[in-house]
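Take a look at the structure below.
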Amino acid sequence: MSRSPRRRQKPVRMCSDCGQITDQPIVIRRIEPRDGIGWSLYACLTCASRHMSALGARILWLFHAADCWECNYEAECAISLVLRRVFEPEITAKAGGAEDEAV
């Protein structure tokens, strides 16, 4: 009896800021009550950068890049790009400059 490999399901969460459902959630805050189990607040790619400091985004990016197949074997994924824009503002400037030149 052969077993098929388990496919990893994409996480689907609701953005705590705008309320939209996203399949690319980013953890923006961890709630740890004194009694009971903690939980995480998630944001979509659009809202995530408003809730993070540069240091927090860099730490999340390091953990994300270590586990993301797309970041390691292909190109940079959308989550990685959003996190890097928070702690590397020149990425946004380069992207904006490239768009201005193309117009």
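For reference, positions follow the sequence shown, starting with 1. All heavy atoms count here, side chains included; hydrogens, waters and symmetry mates do not.
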Report the distance from atom [atom1] of [X] to atom [atom2] of [Y], rounding to the nearest 0.5 Å.
{"X": "Cys47", "Y": "Met52", "atom1": "SG", "atom2": "CE", "result": "10.5 Å"}
{"X": "Glu70", "Y": "Ser80", "atom1": "CD", "atom2": "OG", "result": "9.0 Å"}
{"X": "Leu83", "Y": "Cys77", "atom1": "CG", "atom2": "SG", "result": "8.0 Å"}

Closest approach of Asn72 to Ala65 (non-hydrogen atoms, all atoms of both residues):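 For Asn72 and Ala65, the tightest heavy-atom pair comes out as ND2-O, 3.0 Å.
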Qualifying residues under side chain to side chain contact (heavy atoms under 4.5 Å, CB included), relative to [X], sequence neighbours excluded:
{"X": "Gln24", "value": "Thr22, Leu45, Ala78, Ile79"}
{"X": "Ile21", "value": "Val12, Met14"}
{"X": "Thr46", "value": "Cys44"}

When clusters are formed by joining ILVMFWY residues with side-chain heavy atoms under 4.5 Å apart, either directly or through shared neighbours, do Leu55 and Ile28 land in the same one?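 No, it is not one cluster - the side chains of Leu55 and Ile28 are not joined through contacts under 4.5 Å.
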Is it possible for you to say whether Leu62 and Val82 belong to one hydrophobic cluster, with membership spreading through side-chain heavy-atom contacts below 4.5 Å? yes
With sequence neighbours excluded, give me every side chain to side chain donor-acceptor pair (under 3.5 Å) pair touching residues 25-43. Arg30-Glu32, Arg30-Ser40
Please collect all ring pair (Phe, Tyr, Trp, His ring centres under 6.0 Å) contacts where either partner lies in residues 54-75, sequence neighbours excluded, each pair once.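 Listed by first then second residue: Trp61-Phe87, Trp69-Tyr73.
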So which pairs with a foot in residues 15-26 pass salt bridge (charged side-chain N to carboxylate O under 4.0 Å, His left out), sequence neighbours left out? Lys10-Asp23, Asp17-Arg50
